[in-house]
Amino acid sequence: MHDHTLPDPTQATPRDAGAAAPALVVIEDESTWRFPLPPAGAVTIGRIAECEVVLRDPSASRKHAQLRLDDGRVFVADLGSYNGTTVNGDPLTGERELRTGDVIQVCATMLVFHGGERKVDGPGTVDDAALHQRLALELDRAARYQRAVTIVAVRLPTAAARDLALAALRAAVRSIDTVGTDGATSALAVLPELTSDERGPALAAVVGALRGRGARVGWAAYPDDGVGAATLLAAARAAAAAAPPEQAAAADALARRITLGDATVVIAEPAMVRAFALIERFAVSDLPVLILGETGVGKDSAAVAVHHGSRRTGPLRTINCAAIAEGVVESELFGHERGAFSGAIATRIGLFEAAAGGTVFLDEVGELSLAVQAKLLRVLDGKAITRVGAIEARPIDVRVVAATNRDLRAEAAAGRFREDLYYRLSGATVTLPPLRDRPRELPLLVRELVAAACARLGREPVEVAPAAMHALAAYRWPGNIRELKNAMDYAAAAVDGDAVERWHLPPAVVGEPEAPAAAPPRQVSSAGPRTADGFRPIADELRALERKRMLQALRVADGVQTRAAELLHMPRRTFVAKMREYALHAELDGR
């Protein structure tokens, strides 16, 4: 969850204030440090002490790359390193001029070029198209290197106020940040590389710089609020629209969490907000409510919300019409008298009588047979039921909520559902969108469900890595919320660290085939050891095999670690860690 507490804006200053010289932000392992660049000359990056920027990564070459500074311009070149150098993910060949925000990758180490302080009166504001392009580049970089990006949206009362505020906004951010227009009365800022601890002061600086202009500020963060540009922009804009004047609001603060008994419903997508607003209005009436949506989309939660919002004091009774045998549906709904049929040894009240004064929820109502549909219509019209085997009708006082994943209008046209019953049930209709159309809710639901799964397992909460969130956002979720819950239960059980990575997700979600069926047993060769002295621990043999295969992959991939990891279907971070564990760099570095 986000920390919504901001420092006092009157005390906030830009994070790079007074730091006009260009610099490198070096990110290796879990540490980050800053290396100020000289005004001119050369800066060598490598593993030996003679380099100006000394890296701890054993996979880096002794002298790996070099920066050349000339008249305010900075160029980078690879020095014939074994593993190569990339800039923004592209292999570096020859010399390349650096721009603010460029990412130099040296093996497992990332160096972000910071080109110096942006002057307020100089160029710096981009138009809508250029800002969206910059955002796409920053999100791609964040996905590659598992970094953070913050989107800040600013709403101002007039176009003139926006134009005046742009200079102040530029002065409040770092030179690595991008400020741009967003329509006639709004502005946007893209702030890469902000940690959660740094985000508060940076937002406070923005709010402080815009004080007195009637600005409303909203923000969203990658990947916590989404992974796509459209999703993050919509979230930041919505947060700005809801923010009080002269204040900043977080996108996830807009999410509603409705507690319905033991379940919690998270609502953030505009379509879901509208759907639950309708539910709240319909709940206080006695109209029948028909809830439409795909399987697993949350129709049962919507039915519970209708019941909780009603004035009824009786219970909520639910029946899944698709899960009961055709021969006992009528008995389940309306009850039966003793001796009404073979096996009816006692009188039994049905669902409608059991829900007296409350709500009956008919889940998957489209699965009812035409004969039962006819009897259900008579019950709804006459507000009375007749038990199976009885003669006299019994009055009932219940509210009916029905749900289905079928198109009942089309079913009625095809003769599979009574048209008169359809109109009787659809006095008020609510359609719930599928999970794939709710990108703003997906990250919130993922974190909620992972936390709940960890609590059930009795383990500490875990985070969800950006790569895993990307995979979850890309999946279509045919089973919707139900399938997502199962996937998060799987991930919570599979994770062995403090973060859910892509490989902790179910194979179907990440597009990998399920594990193949076990092969038939093979004949074991008799060429193995015949005495106890010929054996060693199986773990040692597996480690030796893994080391051998990693070394082979590195040689096939010409020493490029990313390619070698892909050959073995091993996450790159794991591959680099195992390289250190097995001291493979010693065999590869003999140059």
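Of the possible donor and acceptor atoms, one in the side chain of Arg459 sits under 3.5 Å from a partner among the backbone N and O of Ala492. A donor-acceptor contact shorter than 3.5 Å links the side chain of Asn480 to the backbone of Thr295. The backbone N or O of Leu131 sits nowhere less than 3.5 Å from a side-chain atom of Asp128 that would complete a donor-acceptor pair. The closest donor-acceptor contact from the side chain of Arg162 to the backbone of Gly183 lies under 3.5 Å. Put simply, the side chain of Asp177 never gets that close to the backbone of Val173: no donor and acceptor are under 3.5 Å apart. In this structure, the side chain of Glu246 engages the main chain of Gly212 through a donor-acceptor pair within 3.5 Å. At least one donor-acceptor pair closer than 3.5 Å links the side chain of Glu198 to the backbone N or O of Thr195. Judged by distance alone, with hydrogens and angles left aside, the side-chain atoms of Arg47 form no donor-acceptor pair with the main-chain N or O of Leu55 at under 3.5 Å. Put simply, the side chain of Asn88 gets close to the backbone of Val103: a donor and an acceptor are under 3.5 Å apart.
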Please test Thr150 against Arg199 for side chain to side chain donor-acceptor pair (under 3.5 Å), starting from the C-alpha separation and ending with a verdict.
CA-CA 8 Å; Thr150 302; Arg199 188 182 295 124; 3.2 Å; yes
Any chance you could lay out the side chain to side chain contact (heavy atoms under 4.5 Å, CB included) test for Arg438 and Ile481, step after step, and finish with the verdict?
CA-CA 11 Å; Arg438 293 149 62 178; Ile481 305 294; 3.9 Å; yes
Apply salt bridge (Lys or Arg N to Asp or Glu O under 4.0 Å) to residues Glu294 and Arg436 and explain how you reach the verdict.
CA-CA 11 Å; Glu294 295 179 4; Arg436 61 182 171 274; 2.5 Å; yes
Step by step, work out the side chain to side chain contact (heavy atoms under 4.5 Å, CB included) result for Met550 and Lys578.
CA-CA 9 Å; Met550 289 179 65; Lys578 287 183 178 290; 3.7 Å; yes
Working note: Cys107 + His64, criterion side chain to side chain contact (heavy atoms under 4.5 Å, CB included); need CA distance, chi angles, decisive distance, verdict.
CA-CA 10 Å; Cys107 298; His64 198 105; 3.9 Å; yes
Leu233/Leu135 under side chain to side chain contact (heavy atoms under 4.5 Å, CB included): CA gap, chis, key distance, verdict
CA-CA 10 Å; Leu233 286 169; Leu135 174 58; 3.8 Å; yes
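We find the CD1-NZ distance between Ile48 and Lys63 to be 5.0 Å, quoted to the nearest 0.5 Å. A distance of 4.5 Å separates CG in Asp140 from CZ in Arg144, rounded to the nearest 0.5 Å. Between the CG atom of Leu188 and the CH2 atom of Trp219 there is a distance of 15.5 Å, given to the nearest 0.5 Å. Annotation: the span from Thr431 atom OG1 to Leu278 atom CG amounts to 9.5 Å, rounded to 0.5 Å. Going from atom CG of Leu98 over to atom CG of Leu67 covers 6.5 Å, rounded to the nearest 0.5 Å. Between the CE atom of Met579 and the CG atom of Asp57 there is a distance of 8.5 Å, given to the nearest 0.5 Å.
Ion pairing between Glu448 and Arg257 holds under the 4.0 Å rule for side-chain N and carboxylate O. Using a cut-off of 4.0 Å between Lys/Arg side-chain N and Asp/Glu carboxylate O, Arg440 and Glu269 are scored as not salt-bridged. The pair Arg237-Asp182 counts as a salt bridge, with a side-chain nitrogen and a carboxylate oxygen less than 4.0 angstrom apart. Using a cutoff of 4.0 Å between basic side-chain nitrogens and carboxylate oxygens, Glu280 and Arg256 are scored as salt-bridged.
The salt bridge (charged side-chain N to carboxylate O under 4.0 Å, His left out) contacts involving residues 147-161 comprise Arg147-Glu193, where partners must be two or more places apart or lie in separate chains. Sorted by first and then second residue, the salt bridge (charged side-chain N to carboxylate O under 4.0 Å, His left out) pairs with a member in residues 91-100 read Arg68-Glu95, Arg73-Glu97, Glu97-Arg99; sequence neighbours excluded.
In terms of heavy atoms, Thr185 sits closest to Pro157 at CG2-O, 4.4 Å. Contact detail for Ala473 and Val227: the closest heavy-atom pair is CB-CG2, 3.5 Å. Nearest heavy-atom pair across Ser175 and His114 is OG-CE1, 2.6 Å. Residues Ala172 and Ala209 share a closest heavy-atom pair of CB-CB, 3.6 Å. Closest approach of Thr158 and Ala161 over heavy atoms only: OG1-N, 3.0 Å. Scanning all heavy atoms of the two residues, the minimum distance from Leu232 to Ala221 falls at CD2-O, 3.6 Å.
The shortest distance between side-chain heavy atoms of Leu472 and Met488 falls below 4.5 Å. Using a 4.5 Å heavy-atom cutoff, the side chains of Ser301 and Val265 are in contact. At least one side-chain heavy atom of Leu442 sits less than 4.5 Å from a side-chain heavy atom of Trp477. A 4.5 Å side-chain heavy-atom check between Leu484 and Leu435 finds at least one atom pair inside the cut-off. The shortest side-chain heavy-atom distance between His504 and Tyr490 does not fall under the 4.5 Å cut-off. Counting only heavy atoms from C-beta outward, the side chains of Ile176 and Glu138 never approach each other to under 4.5 Å. Side-chain contact check for Asp252 versus Arg447: some heavy-atom pair is nearer than 4.5 Å. At a threshold of 4.5 Å between non-hydrogen side-chain atoms, the residues Pro192 and Arg174 count as touching.
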Show every donor-acceptor pair shorter than 3.5 Å between a side-chain atom in residues 36-45 and any protein atom, with sequence neighbours excluded, or say none if there are none.
unit_1: Thr44; atom_1: OG1; unit_2: Gln66; atom_2: NE2; d: 3.1

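Checked against ring-ring contact (aromatic ring centres under 6.0 Å, His included), His470 has the following partners two or more places apart in sequence or in another chain: Tyr222. Scored by the salt bridge (Lys or Arg N to Asp or Glu O under 4.0 Å) test, Asp163 finds no partners at all (sequence neighbours excluded). When the side-chain hydrogen bond (donor to acceptor under 3.5 Å, both in side chains) test is applied to Tyr475, the partners found at least two apart in sequence or on another chain are Glu483.
Inspection of the Gln561 and Ser59 side chains reveals an N or O donor paired with an N or O acceptor under 3.5 Å.
The environment of Glu463 atom CD is sparse: at most 12 non-hydrogen atoms of other residues, nucleotides or ligands sit within 6.0 angstrom. Heavy-atom neighbours of Asp90 CG from other residues, nucleotides or ligands within 6.0 Å: above the threshold of 12.
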